[in-house]
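FYI, side chains are in, hydrogens and waters are out, and symmetry mates aren't considered; it's all heavy atoms of this structure.
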Amino acid sequence: MEMKWLLYVTLLALGTLAAQEHDVGDDDGDVIDIEDDLDDGVEEIEDSNPESSTPPPAPKVTYRAPVPTGEVYFVESFDKGTLDGWILSKAKKDDTDDEIAKYDGKWEVQDMKDTKLPGDKGLVLVTRAKHHAISSKLSKPFVFDTKPLIIQYEVNFQNGIECGGAYVKLLSKTPELNLDQFHDKTPYTIMFGPDKCGEDYKLHFIFRHKNPKTGKYEEKHAKRPDADLKTYFTDKKTHLYTLILNPDNSFEILVDQMVVNSGNLLNDMSPPVNPPREIEDPNDQKPEDWDEDMDGEWEAPQIANPKCESAPGCGTWQRPMIDNPNYKGKWKPPMIDNVNYQGIWKPRKIPNPDFFEDLEPFKMTPFSAVGLELWSMTSDIFFDNFIICTERAVADDWANDGWGLKKAADGAAEPGVVGQMMAAAEERPWLWVVYILIVAFPVFLVVLFCCSGKKQPSAAEYKKTDAPQPDVVSDEREEEKDKGDKEEEEEANEEKLEEKQKNDADIGSASQEEEEEEEEEEDRKHASEEEETVNRSPRNRKPRKD
């Protein structure tokens with residue numbers, strides 16, 4: 001019987017898991033259908049027969065290149081399959097060995113590995129451990145005036161990333177700009193994008209600010225974001241990076257359309273855009289009589305004797321010492337404030353001769369090209385869907401038609417809960433033990449609490465004997481119980497009656513004894529009165545002697 005219950009519960013659990021898997025598959029299909037309705041370029045292949053016992057295959061969709069919905073300065077989806085409009089650098093990097101100084105890393109337009117959108121192509125950094133540089137002209141130079149700047153693109157670290165970057169540079173508009181000789185020293189206005197080496201995960205936002213007094217440029221780095229960036233480098237998924245600069249000097253950095261960093265160019269850059277008004281006088285010197293000691297005399301620190309490190313003992317032998325119970329420590333005079341104390345000396349402040357105040361750092365140097373200048377120890381970094389514009393709605397539409405479709409396709413192709421558990425167990429076999437324990441423990445509890453009670457005889461067994469059935473037995477037990485209660489109640493009433501009679505008898509005997517005592521008392525009184533009367537009679541008086 002217990003084995004039947006165990007088998008039943010096990011089949012019930014497996015049926016529940018299968019139903020959940022089927023529901024998850026249906027939900028994923030609904031999600032892809034919604035996304036397909038939003039995008040005209042998505043074509044869904046007919047689903048397999050739902051009555052079939054085999055699970056239906058993941059929906060397969062095709063991809064159509066997104067189209068900008070407004071004014072743009074630069075846009076590139078690479079869906080033509082060529083590098084038209086892009087220029088490979090032929091420069092050499094200064095101060096580097098000749099073997100690796102050349103920018104000879106390879107770039108190609110390819111489909112993404114394990115893509116769920118056939119036809120979606122992108123720019124791929126193919127080689128590793130080489131310098132790569134490629135750039136392209138904007139349709140027109142971007143001038144910082146009254147409109148914001150929005151730059152957005154996608155990155156996928158298909159093989160993960162060990163050490164390397166995937167940031168983009170907006171190359172400054174200068175007469176000397178030559179994209180054929182694009183290298184690390186080429187002037188840029190903004191550098192933005194992910195970068196990683198070791199366990200240091202970064203999301204750069206750097207702009208070059210021109211000093212209005214000296215005319216020199218200085219890099220200003222945004223503060224590090226508080227968000228954890230590790231997942232964007234390790235999950236091998238496509239992520240969308242967006243930088244928004246506003247004319248009021250505010251900025252926002254978004255990953256997958258969620259803000260991970262924000263601030264102001266005047267307050268949240270390092271070093272600050274504007275230098276301090278005062279600086280320390282570099283010619284000021286500390287006076288010789290300057291007293292920096294607050295109290296006491298300086299004592300040299302004690303160090304271990306190096307000659308005693310390797311020797312078993314040091315010096316002549318002496319009898320070991322024990323703690324002195326009367327020891328109070330070495331007496332020292334109490335410390336008092338130094339009347340000549342002048343504090344820690346600092347050089348005096350003087351006006352900063354290089355001080356300036358730029359309240360509009362947003363008005364940066366115009367740029368006319370976009371470029372990727374990278375070194376990476378990992379290959380197959382995938383770039384796609386670049387856009388530079390001034391309207392947030394245009395960037396959002398571009399993201400929804402490109403990155404949004406990738407996200408929906410990846411979500412539809414992901415296995416359900418059971419599929420993920422099976423895949424994880426294939427990579428880590430020890431998970432099977434966990435799964436078995438998770439399933440077996442509730443089954444064991446169900447069997448223990450539901451199937452371990454005393455067995456009740458069936459109706460067929462009652463027919464074979466004259467033994468009363470459970471309902472008759474229960475009625476008889478109830479009657480016996482009622483009868484017993486009545487008998488107990490009668491016995492209790494009889495006991496109460498006997499006790500009452502006994503109490504009445506005790507009360508009667510007590511009253512009779514009291515009456516007898518009162519009669520005896522009256523008799524004694526009468527006897528005493530008679531005796532007194534006799535004593536008073538003259539006959540009973542004794543003669544008086546003369």
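- Between Lys216 and Glu218, none of the side-chain N atoms (NZ, or NE/NH1/NH2) sits under 4.0 Å from a carboxylate O, so this pair counts as no salt bridge.
- You'll find the side chain of Cys163 stays beyond 4.5 Å of the side chain of Ser376, heavy atoms only.
- Other residues, nucleotides and ligands place more than 12 heavy atoms under 6.0 Å from the CG atom of Asp180.
- Partners of Glu71 under the salt bridge (Lys or Arg N to Asp or Glu O under 4.0 Å) rule, at least two apart in sequence or in another chain, are Lys140.
- A salt bridge does not link Lys213 to Asp354: none of the charged nitrogens lies less than 4.0 Å from a carboxylate oxygen.
- Taken to the nearest 0.5 Å, the CD1 atom of Ile150 stands 8.5 Å off from the OG1 atom of Thr242.
- The structure places CE of Met364 at 8.0 Å from CG of Leu149, a figure rounded to the nearest 0.5 Å.
- The pair Lys406-Asp384 counts as a salt bridge, with a side-chain nitrogen and a carboxylate oxygen less than 4.0 angstrom apart.
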(request) List the steps, then state whether side-chain contact (heavy atoms from CB on, under 4.5 Å) holds for Val143 with Phe367. (result) CA-CA 7 Å; Val143 179; Phe367 60 91; over 6 Å; no

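- There is no side-chain donor-acceptor pair under 3.5 Å between Gln181 and Tyr103.
- For the atom pair CD (Glu373) and CE (Met191), the distance works out to 9.0 Å, reported to the nearest 0.5 Å.
- Contact check on Asp235 versus Lys230 returns no salt bridge, with no Lys/Arg side-chain nitrogen under 4.0 Å from an Asp/Glu carboxylate oxygen.
- Using a cutoff of 4.0 Å between basic side-chain nitrogens and carboxylate oxygens, Lys202 and Asp200 are scored as salt-bridged.
- Although no hydrogens or angles enter the test, the distance criterion places no donor-acceptor pair under 3.5 Å between the side chain of Thr127 and the main chain of Gly105.
- When atom types are taken as modelled, the side chain of Gln152 and the backbone of Ala395 share a donor-acceptor pair closer than 3.5 angstrom.
- A side-chain N or O of Trp86 and one of Glu76 form a donor-acceptor pair less than 3.5 Å apart.
- A donor-acceptor distance shorter than 3.5 angstrom exists from the side chain of Gln158 to the backbone of Asp380, with no hydrogens or angles considered.
- You'll find the side chain of Ile206 stays beyond 4.5 Å of the side chain of Tyr167, heavy atoms only.
- Within the 4.5 Å cutoff, the side chain of Thr186 has no heavy atoms near those of the Glu176 side chain.
- Separating the CG atom in Leu374 from the CD1 atom in Ile134 is a distance of 10.5 Å, to the nearest 0.5 Å.
- Of the possible donor and acceptor atoms, one in the side chain of Asn249 sits under 3.5 Å from a partner among the backbone N and O of Leu359.
- Remark: side-chain polar atoms of Asn352 are paired, donor with acceptor, to backbone N or O of Pro276 under 3.5 angstrom.
- Between His132 and Trp375, a ring centre-to-centre spacing not shorter than 6.0 Å is recorded.
- Side-chain atoms of Glu154 and Asn385 form a donor-acceptor pair, as typed in the model, at a separation below 3.5 Å.
- A tilted orientation is assigned to the rings of Trp107 and Phe383, their planes being inclined by 30° to 60°.
- Side chains of Thr378 and Asn159: no donor on one and acceptor on the other come within 3.5 Å.
- The pair Glu280-Arg348 fails the salt-bridge criterion, with no side-chain N (NZ, NE, NH1 or NH2) lying under 4.0 Å from an Asp/Glu carboxylate O.
- With sequence neighbours excluded, the residues satisfying salt bridge (Lys or Arg N to Asp or Glu O under 4.0 Å) with Glu360 are Lys363.
- Within a 6.0 Å radius of NZ in Lys90, no more than 12 heavy atoms belonging to other residues, nucleotides or ligands are found.
- In this structure a side-chain-to-backbone donor-acceptor pair under 3.5 Å is present from Lys196 to Gly198.
- Panel note: side chain Ser89, backbone His183; no donor-acceptor pair is recorded below 3.5 Å.
- The shortest distance between side-chain heavy atoms of Gln257 and Trp403 falls below 4.5 Å.
- No side-chain donor from either of Thr365 and Thr189 sits under 3.5 Å from a side-chain acceptor of the other.
- At a threshold of 4.0 Å, the pair Asp79-Lys121 does not count as salt-bridged, since none of the basic side-chain nitrogens sits closer than that to a carboxylate oxygen.
- Each of Phe74, Phe386, Phe78, Trp398 was evaluated against Tyr153; a single residue qualifies, Phe386, per the ring-ring contact (aromatic ring centres under 6.0 Å, His included) test.
- Contact of the Phe356 side chain with the Pro275 side chain is registered, since non-hydrogen atoms from C-beta on lie closer than 4.5 Å.
- You'll find the side chain of Val168 reaches within 4.5 Å of the side chain of Val370, heavy atoms only.
- Although no hydrogens or angles enter the test, the distance criterion places no donor-acceptor pair under 3.5 Å between the side chain of Asp397 and the main chain of Ala399.
- Among residues two or more places apart in sequence or in another chain, the salt bridge (Lys or Arg N to Asp or Glu O under 4.0 Å) test is passed with Asp358 by none.
- From Asn246, atom CG reaches atom CD of Glu252 across 7.0 Å, with rounding to the nearest 0.5 Å.
- Formation of a donor-acceptor pair under 3.5 Å by the Asn261 side chain with backbone atoms of Lys223 is found in this model.
- Taking CG of Leu265 as the reference point, atom CZ of Phe362 lies at 8.5 Å (rounded to 0.5 Å).
- Phe233 has its ring centre less than 6.0 Å from the ring centre of Tyr201.
- In this structure, the ring of Phe205 has its center less than 6.0 angstrom from the ring center of Phe251.
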